[in-house]
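Working notes for the structure below.
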2 protein chains.
Amino acid sequence: MIKPRSRRGGGRPTIADVARKAGVGAITVSRALREPGRVSEDLRRQIESAVNELGYVPDPNARALASARAEVFGVLVPSLTNNVFAEVVRGIYDSLSDGPFRIQLGNTHYSGLEEERLLQVFGPQRPAALIVAGIDQTPASRKLLETAGCPVVQVMETGPDPVDMMVGFSHFEGGKAAAEHLIEAGYRRIGFIGARMDPRSQRRLAGYRAAMEAAGLFDARLTTTTPVPSSVTLGRELFRDALAKVPSLDGVFCNNDDIALGVLFECHRASIAVPKTIGIVGFNDLDMMEVAFPSVTSVRTYRYEIGRRAVAMALAAIEGNRPESRVVDLGFELKRRESTAR
Amino acid sequence: MIKPRSRRGGGRPTIADVARKAGVGAITVSRALREPGRVSEDLRRQIESAVNELGYVPDPNARALASARAEVFGVLVPSLTNNVFAEVVRGIYDSLSDGPFRIQLGNTHYSGLEEERLLQVFGPQRPAALIVAGIDQTPASRKLLETAGCPVVQVMETGPDPVDMMVGFSHFEGGKAAAEHLIEAGYRRIGFIGARMDPRSQRRLAGYRAAMEAAGLFDARLTTTTPVPSSVTLGRELFRDALAKVPSLDGVFCNNDDIALGVLFECHRASIAVPKTIGIVGFNDLDMMEVAFPSVTSVRTYRYEIGRRAVAMALAAIEGNRPESRVVDLGFELKRRESTAR
DNA sequence: GCAATAACTGGTAGCGCTACCATGACGTAG
DNA sequence: CTACGTCATGGTAGCGCTACCAGTTATTGC
């Protein structure tokens, strides 16, 4: 009698089937797949052809269970639709697509508690590495990261105290550079407009404030913010509010490009001359800022590259060679364009 | 002697630990967690407190292995940064976040081969459901989907021949409605501008063509497309090309809103009056289209809702009650705005 | 009051894979 | 020619969990 197909497994070939077909032990098949160098040329070829013939694909669940290590990268981002994080995620996917690693993506919705919950869920999966956005984890989350037993990369920001590794840039410096540029260009009543105001936005605001204070131009009424999620529509609303509050406004540093675009459109609609009457600076430098009319000055950030670098660092750490410097600052670049060319 | 901590497991509590602490059998703990109704009130409480005390979280890998069924939704989309798919994915995540299901996201990069590869990788994981974008799978992919042994939902489009279930809308009708609107508004030399030209774009183009032919206005030179990925910048370039080719152009239906935005900005830059000289229609109706100046007519699509509905249908199918109609058309809505208000 | 049924609970045997150790066949050095 | 390493291979014993079946105790019907 032939093996009566276990009631459970849906009939997929297992490592035992491959081993039988190739006339070797199961463990040798396992090795041939994971460490080809440790199996003789001969057997390797035999095994390879058996694998192809049967269409064998290893079961990642069984693998993870047996080796107490899943080939999974856990990735936590605060938003899936925010273009900025989407690009980071894309960088991560692109860097991981040709290796054995899968990606477990979690959406924290900008909530520390949700981040904690997700970390708790990721833990038992024994991920090979964790990539998390930001540096403002709750103490509980931080502990979970520290005891995760795998490389951890915090992305999008830099800070003095990495859990393990970091790739990003200084939002404070970015905000400062934006404000300084407006000041240099001759603007004086420069507003800050920001939505969502997550920790990264707060630091951009702090950078703006530092620059404004240094120039003796700071005025609390120039700042217009809201915790509401950012959008182009909201950019328009906030700009209207700001203008109502301070009619003498002659420049705005927008917390991100969506806001900046809303401001730009409102200027068109209200026939406010840009850059003559109002100067506009955005943040992140989305593709469209260069194409806009007038083109919009923005702080270019390297989101995709951050994703790629995070993976590279994690991969290196898995291999046992952690980079000598645990914090990588990819910087930013202020792109000067028409919207501030006075 | 105390249990000498297995060399492998990293010291996390297992179901056996919980069972011991609660003074019950392991299988009862398993049941209490999965089907609380089948365990007596008493034991359930005991088990619950043991779980909390130990901080026990079940190992999803072991679960998947033992039950031959992972609590994973496989999701395949062609792009991670395209706002449209990002919204679908967000709908999926939001609908799944409070259940036990994880999400395995795959990026096909608009490639049928890559889709096949990813499906092959997903298979051995035995996902609880699969959600894939589009209806143009390769024969091999289709077979993989049919034999996946789990509910399958094709999203973003509707068609006559679902693998299992479908949620989306007709891109052909969307394109047709857009073109008809321009014709009605009095435009005559209406161009089609499209990038990437994936199957969905092709169908929008076909809809445009049908409307134009019906009105006796079709002219092949009015169509400007490229396989290059879409962007606002590209919208500008293509519009310039289109105008060079057909100087009498008086309207454009853009394959998506990014392109439309590029066109709008170029009109500003070249001082072409919108909607007077040129009418513009976009596709998808991103948030910013309403805020733009002039606001841009666009075909509103319900991406987020598609994601949610796909999950709802898959979940229902898992429970055993497939919806009576396997294809759900969520439709679209043409949002008439200033850019075509002649 | 007794069999029949339902409602709980637990033991056993894997799921498919890999860590660990054992084995045997070769060199290679002394 | 023995002792000892090195290399290639395989056997065994789990990883943590759940399907399946077998008990055990209430509960019900007649």
OP1 or OP2 of D/dG10 sitting under 4.0 Å from any side-chain N/O of A/T28?
-> yes
Nucleotide of D/dT9, D/dC17, C/dA19 approaching B/A62 most closely (side-chain heavy atoms) = D/dC17
Identify the two heavy atoms, one from B/P78 and one from B/A133, that lie closest to each other, and give their separation to 0.1 Å.
-> CD-CB, 3.7 Å
Backbone N/O of B/A316 and side chain of B/R322: donor-acceptor pair under 3.5 Å = no
Please determine if a side-chain N or O atom of B/R38 lies less than 4.0 Å away from the OP1 or OP2 oxygen of C/dA6.
-> no
When A/R44 is tested against each of A/Q46, A/E41, A/E48 for side-chain hydrogen bond (donor to acceptor under 3.5 Å, both in side chains), which residue passes?
-> A/E41
Please give, in whole Å, the distance from D/dT9 C1' to A/Q46 CD?
-> 13 Å
Whole angstrom value for the distance that separates P of D/dC7 from CZ of A/R44 = 15 Å
Side chain of A/Y56 (C-beta onward), nearest among C/dC17, D/dA19, D/dG10 | C/dC17
Atom CD1 of B/I47 and atom P of D/dC17 are separated, to the nearest Å, by 13 Å
Atom pair distance, as rounded to whole Å: CD in B/E71 and P in C/dC15 | 21 Å
For B/R31, report the nucleic acid contact type (base, sugar-phosphate, nothing); a contact means any heavy atom under 4.0 Å.
-> base
Residue closer to the 5' end of DNA chain C, A/P58 versus B/A26 (nearest nucleotide) = B/A26
Backbone of A/V75 reached by a side-chain donor or acceptor of A/Q104 within 3.5 Å | no
Against the side chain of B/I15, the closest entry in D/dC17, C/dT18, C/dT9 is D/dC17
Matching residue for A/E71 among A/R34, A/R102, A/R63 - test: salt bridge (Lys or Arg N to Asp or Glu O under 4.0 Å) | A/R63
Report yes if a side-chain nitrogen or oxygen of A/S30 is closer than 4.0 Å to either non-bridging phosphate oxygen (OP1 or OP2) of C/dC17; otherwise report no.
-> no
Which nucleotide, C/dT9, C/dG16, C/dG11, lies nearest any side-chain atom of B/I27?
-> C/dG11
Integer-rounded Å distance: C/dG16 P and B/Q125 CD | 15 Å
May I ask you to evaluate whether A/S40 reaches the phosphate of D/dT9, defined as a side-chain N or O under 4.0 Å from OP1 or OP2?
-> yes
Euclidean distance, atom CG of residue A/D59 to atom C1' of D/dC17 [Å, nearest integer] | 13 Å
Rounded to whole angstrom units, what separation is found between the CG atom of B/L43 and the P atom of C/dG10?
-> 6 Å
Quickly work out the A/R63 CZ to C/dC15 C1' distance and round it to whole Å.
-> 16 Å
